[in-house]
There are 2 protein chains.
Amino acid sequence: MAAQPLPSAEPAACRVLGLRERKKQRTRDALVSAAHRLFLSHGYGRTTIDEIAAEVDVSPRTFFRYFANKEEVALAVLADAEDYFVATLRERPASENPLQALRSSIVLAWRDLSDTGTSDTGVTAALELIQLIEETPTLLAAHLRRITDQERLIAELIARREGLDPSVDLRPRVLAAVFGGVLRSAHLAWSSDHSAPGPEGMIAVIESHFDQLGPALAGDWR
Amino acid sequence: MAAQPLPSAEPAACRVLGLRERKKQRTRDALVSAAHRLFLSHGYGRTTIDEIAAEVDVSPRTFFRYFANKEEVALAVLADAEDYFVATLRERPASENPLQALRSSIVLAWRDLSDTGTSDTGVTAALELIQLIEETPTLLAAHLRRITDQERLIAELIARREGLDPSVDLRPRVLAAVFGGVLRSAHLAWSSDHSAPGPEGMIAVIESHFDQLGPALAGDWR
DNA sequence: TTGCCGAATGTCAGCGACTGACATAATCTC
DNA sequence: GAGATTATGTCAGTCGCTGACATTCGGCAA
């Protein structure tokens with residue numbers, strides 16, 4: 001995750017990584033949080049790479065040695081949440097069917113992430129970012145592309161979990177795509193409707209969208 | 001659709017539009033087809049706006065008066081296919097349930113489009129473009145964002161069709177998202193597996209993915 | 001400590017996407 | 001055919017992004 005929660009303590013455990021690695025990690029974190037701050041205050045399009053770099057006191061060229069492009073630094077905030085979700089999914093019991101496993105994994109991941117960090121951990125940052133993404137076409141495009149990569153990964157996980165050959169059975173990929181669609185729909189609903197703020201609100205919106213999955217596909221809508 | 005199929009005939013019906021409008025339409029079509037050709041032969045990333053403009057004998061500045069950006073001219077080839085799909089969806093009988101209507105609409109749209117034009121109509125161009133999109137990250141991102149706009153439209157159509165308020169009932173949006181997911185999954189499968197070429201191949205892949213929708217969401221995968 | 005190696009960074013030049021401003025030339029209207 | 005519209009060209013400039021080269025900094029052994 002980003003930065004050090006308590007700048008006072010410099011734990012000795014960090015020594016396992018050389019000074020060089022620690023420094024790299026610090027500038028990377030600094031770039032991410034500076035970018036996040038600038039994007040939220042001035043808007044994504046009105047923020048310049050030069051500004052971000054200047055904020056961290058680093059040359060613009062260095063920025064591109066950490067991130068391939070402007071979108072990447074913005075989306076980096078979500079990386080941990082996504083990783084946590086995948087980790088959660090791996091540990092779901094085999095008794096759950098695939099759809100149940102996916103659904104409980106996101107809900108659990110959001111809940112855990114919002115519980116662990118007491119105050120302004122990455123969760124709030126992630127929620128702010130989702131908001132920003134939905135109102136920034138360029139970011140949305142980049143995010144959607146990342147999502148498809150994630151779906152491929154999820155499909156493979158599900159396939160392995162069920163002992164299937166993903167190149168033969170279409171179900172894992174279809175399920176992953178459906179899952180992605182429902183989730184995206186939930187994100188959009190959450191970000192355009194401020195009646196359910198915070199992680200709990202997001203969880204509630206996600207649950208309600210999953211609840212509508214069956215009815216939406218059913219023949220009879222009455 | 002693009003260009004005139006038979007350059008010999010200059011139908012009098014065109015006179016209803018002024019010379020100015022006709023000219024604009026012609027340069028627009030010329031830009032789209034030049035871009036399409038260059039993208040397919042040299043690759044999207046290695047094709048320059050200047051090259052496209054030069055091909056049509058137009059200044060680069062003019063290009064940006066027709067298209068907001070490089071992605072837009074590439075994706076323009078799909079616009080007609082999408083419009084045709086939406087038109088088809090509007091005419092589906094009320095007896096079909098929403099999911100059925102969506103499914104039969106794409107299949108019918110593809111079939112009609114591949115039947116109407118005898119030889120190299122827009123259908124082949126659309127298929128070539130889908131292929132290009134899947135192997136070009138930048139294009140894929142832009143395409144996915146367009147898809148989400150389409151999904152919003154589809155959700156509204158379905159809601160009206162079923163006499164629902166789309167701001168209350170989540171089913172239309174969830175269904176549209178699921179539909180988009182299945183379709184995207186099918187496109188990916190089609191473009192990465194050359195065993196089913198042409199429109200018929202695409203239709204077959206789409207059908208098989210829809211067939212897996214129920215099983216994928218079912219509790220029991222055995 | 002010294003000194004060397006490799007990795008991280010800065011500097012600089014340059015390409016390509018995209019935009020605003022203004023001038024010019026083409027159509028449209030009367 | 002004159003004047004109002006509108007499309008187009010030209011030009012200058014910003015910003016995202018990259019390659020090449022020089023410099024500096026951390027890691028490591030003599």
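A quick note: this is a predicted structure, and the numbers were derived from the prediction, not measured. Both backbone and side-chain heavy atoms feed into the values below; hydrogens, waters and symmetry mates do not. Numbers restart at 1 for each chain; the letters A, B, ... are given by sequence-line order, proteins then strands.
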> Mind checking whether A:Q131 and A:H194 have side chains closer than 4.5 Å, heavy atoms only?
Replying inline: yes
Tightest non-hydrogen contact, residues A:I106 and A:I206, listed as CD1-CG2, 3.8 Å
Considering only heavy side-chain atoms of B:R61, the closest of D:dG19, D:dC11, D:dG26 is D:dC11
Residues 185-204 of chain A vs salt bridge (Lys or Arg N to Asp or Glu O under 4.0 Å), sequence neighbours excluded, gives none
Solution key, residues 34-44 of chain A side-chain donor-acceptor pairs under 3.5 Å, sequence neighbours excluded:
residue: A:H36; atom: NE2; partner: A:E128; partner atom: OE1; Å: 2.9
residue: A:R37; atom: NH1; partner: A:E55; partner atom: OE2; Å: 3.0
residue: A:S41; atom: OG; partner: A:R37; partner atom: O; Å: 3.0
residue: A:S41; atom: OG; partner: A:L38; partner atom: O; Å: 3.3
residue: A:Y44; atom: OH; partner: A:E71; partner atom: N; Å: 3.2

Just the table, please: protein N/O against nucleotides 6-8 of chain D N/O, every pair under 3.5 Å.
residue: D:dT6; atom: O4'; partner: B:R20; partner atom: NH1; Å: 3.3
residue: D:dA7; atom: OP1; partner: B:K24; partner atom: NZ; Å: 2.9
residue: D:dT8; atom: OP1; partner: B:Y66; partner atom: OH; Å: 3.0
residue: D:dT8; atom: OP2; partner: B:Y66; partner atom: OH; Å: 3.0

The first and last nucleotides of DNA chain C lying within contact of chain B, meaning any atom under 4.0 Å from one of its heavy atoms, run from C:dA17 to C:dC28
Between A:P60 and B:A68, the residue closer to the 5' end of DNA chain C by nearest nucleotide is A:P60
Margin query: Would you say CG of B:D165 has more than 12 non-hydrogen atoms from neighbouring residues, nucleotides or ligands within 6.0 angstrom?
Written below: yes
So A:W110 and A:H187, would you call those rings parallel, tilted or perpendicular, with 30° and 60° as cut-offs?
perpendicular
For this session: Mind running side-chain contact (heavy atoms from CB on, under 4.5 Å) on A:I52 and A:V58 for me, showing each step along the way?
Result: CA-CA 9 Å; A:I52 302 172; A:V58 148; over 6 Å; no
Residues A:A159 and A:P172: closest non-hydrogen pair is CB-CG, 3.9 Å
Sequence neighbours excluded, the answer for salt bridge (Lys or Arg N to Asp or Glu O under 4.0 Å) partners of B:R20 is none
* Asked: So, are A:E151 and A:R173 salt-bridged, with charged N and O less than 4.0 Å apart?
  -> no
Sorted by number, residues from residues 41-54 of chain B placing a heavy atom under 4.0 Å from DNA chain C are B:T47, B:T48, B:I49
From CZ of A:F63 across to C1' of D:dT18 the rounded distance in Å is 14 Å
Here the distance between atom P of D:dC17 and atom NZ of B:K70, to the nearest Å, is 13 Å
